[in-house]
Amino acid sequence: MPGPGSYLFGKEERKALLEVIDAGYLFRYGDMSDQSFLAKVWQLEKEVSQYFNIPYSVAVNSGTSALWIALGALGVGPGDEVIVPGYTFIASITSVIYARAVPIFAEIDNTLNLNPFDVASRITPRTKAIMLVHMLGNPGRLDEMMSIAKENNLYLIEDCAQAFGARYKNNFVGSYGDVGTYSFNVFKTITSGDGGMIATNNEDLYKRAFAIHDQGHLPLRQGVEQGSRTVIGLDFRMTELSAAVLLAQLKKLENIKSKLKERKKHFKDGIKDLNGLRFRTLPDPEGELGTILTVFLPDAKIACEVGKELGSGVVSDSGWHVYNNMEHIIEKKVVDSMGCPFSCPYYKEKGGNVQYKRGMLPKTDELLSRAINISIGVVDSGLGAGFGIDIRSNKNEIDEKVEKFRKAVKKYM
Ligand SMILES: Cc1ncc(COP(=O)(O)O)c(C=O)c1O
């Protein structure tokens, strides 16, 4: 069981699910005049909006579709470039390709999120948006990214899939950019197995996002709104069952956050005196979630040995999250025979001709080759976080893992 929310499934989620089954409405729409229709998806959207203080949100079936819908709502498409980090889950990149735009990789820094200087250097007349991904619960450099986006008239998309509930300077992540997206898959802060959400302060973007997620309809349609559909959409709707589980999980969010914080502090305090060990930079230490504790060893060789000793590895090995390991993206293996978006005439006409290759982000490669992720609340070997604790671990269990970590580091340094 990989994410903090999944460890806390209990009678609340069971009760919420049974209520939906008993009511007989599993679809997000129902007869509003029927008291037994619980409208859980709608309620989830309202509660998340209220909690995050972001007026509009749309619940969808995954974080990947949330990203693709967000790009569509912003009108990102053929001929456009979107700047993405070289360290992120694959969906931040594939959603851009499926929007028929071209992802441009940029370096990360020791926050493990986008490096603002590198982002600024990659802006071209084709750039339409920056996708800032708040990796591993840690908000990126939002102030810098907002000013770069503003100065260059670019959209800022916040991919908050790994940071649902994280804050940056008193506001929640997802509220700073033009649009924020979230995931509720099994590795996330709260989960319904799969699920996602889009949040925005902009009513027009909300209406477009809603329409794209549901065949072109306006929010809370009743039946087929012939004549009033404003954009062509598809179906990425969330079911009442997922929303019921998420509403129960949402009530546990504060508890999840404080448990993570406590355990992470305990772990960090236990290893912070180790010579030569560095921690990841946190732009807002109070606001980050604490799902993962990332450490940097002095060089790749030592990190590799320590990782092996711990039974996990270094972050650069992650097949899901590091551009070097995304062979199908590097080789541009798109589904259509024309090779869009890379060979798209709109892109070529604007002078676009992107080439990807392994090793093209040397700073990112260097950082990740000596980074180890210690799990605190997200246990995921795909993140390079196969070693650590989980949200239920008690003091003794944490101390045991701290000791194991200390021994491994001391053996090789
Ligand atoms: C940063 C990031 N973006 C997007 C996604 C996609 O979310 P989902 O798995 O719900 O499609 C994930 C999921 O792991 C993620 O970590």
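Ligands are counted one by one from 1 in listed order, and the atoms in each one are counted from 1 as well.
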Please check whether [X] reaches ligand 1 - meaning an N/O of the residue sits under 3.5 Å from an N/O of the ligand, judged on distance alone.
| X | answer |
| --- | --- |
| His321 | no |
| Lys188 | yes |
| Asn185 | yes |

Exercise. Would you call the rings of Trp68 and Phe236 parallel, tilted or perpendicular, where under 30° means parallel and over 60° means perpendicular?
Worked result: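 Rings of Trp68 and Phe236: tilted, as their planes differ by 30° to 60°.
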Exercise. Would you call the rings of Phe184 and Phe164 parallel, tilted or perpendicular if under 30° counts as parallel and over 60° as perpendicular?
Worked result: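 Geometry flag for Phe164 against Phe184: perpendicular rings.
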When you measure from [atom] to every protein heavy atom, which one gives the shortest distance, and what is it?
| atom | answer |
| --- | --- |
| atom 3 (N) of ligand 1 | Asp159 OD2, 2.7 Å |
| atom 11 (O) of ligand 1 | Thr64 OG1, 2.5 Å |
| atom 5 (C) of ligand 1 | Phe89 CD2, 3.5 Å |
| atom 16 (O) of ligand 1 | Gln162 NE2, 2.9 Å |
| atom 2 (C) of ligand 1 | Ala161 CB, 3.3 Å |

Using a strict 4.0 Å cut-off to heavy atoms of [X], name the atoms of ligand 1 that fall inside it.
| X | value |
| --- | --- |
| Gly63 | 6 (C), 7 (O), 8 (P), 10 (O), 11 (O) |
| Ser183 | 7 (O), 8 (P), 10 (O) |
| Val133 | 1 (C) |
| Gly195 | 10 (O) |
| Ser62 | 10 (O), 11 (O) |

Problem set entry | Neighbour count above 12 (heavy atom, 6.0 Å) for Asp336 CG |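 Above 12, so yes.
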Inspect the contact between [Y] and [X] and indicate whether a charged nitrogen and a carboxylate oxygen are less than 4.0 angstrom apart.
| X | Y | answer |
| --- | --- | --- |
| Glu327 | Arg358 | no |
| Asp204 | Arg208 | no |
| Glu400 | Lys395 | no |

Exercise. How would you list all residue pairs meeting side-chain hydrogen bond (donor to acceptor under 3.5 Å, both in side chains) that involve residues 129-147, not counting sequence neighbours?
Worked result: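 Non-adjacent pairs meeting side-chain hydrogen bond (donor to acceptor under 3.5 Å, both in side chains): Asp109-Arg141, His134-Glu158, Asp143-Tyr168, Asp143-Lys169.
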Exercise. Think Lys401 forms a cation-pi with Phe267, using NZ or CZ under 6.0 Å from the six-ring centre and within 45 degrees of its axis?
Worked result: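 No - Lys401 does not lie over the ring of Phe267 by the 6.0 Å and 45° rule.
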Please tabulate, for the side chains in residues 149-157, all donor-acceptor contacts under 3.5 angstrom to protein atoms that are two or more places apart in sequence or on a different chain.
| residue | atom | partner | partner atom | Å |
| --- | --- | --- | --- | --- |
| Asn152 | ND2 | Ile148 | O | 2.8 |

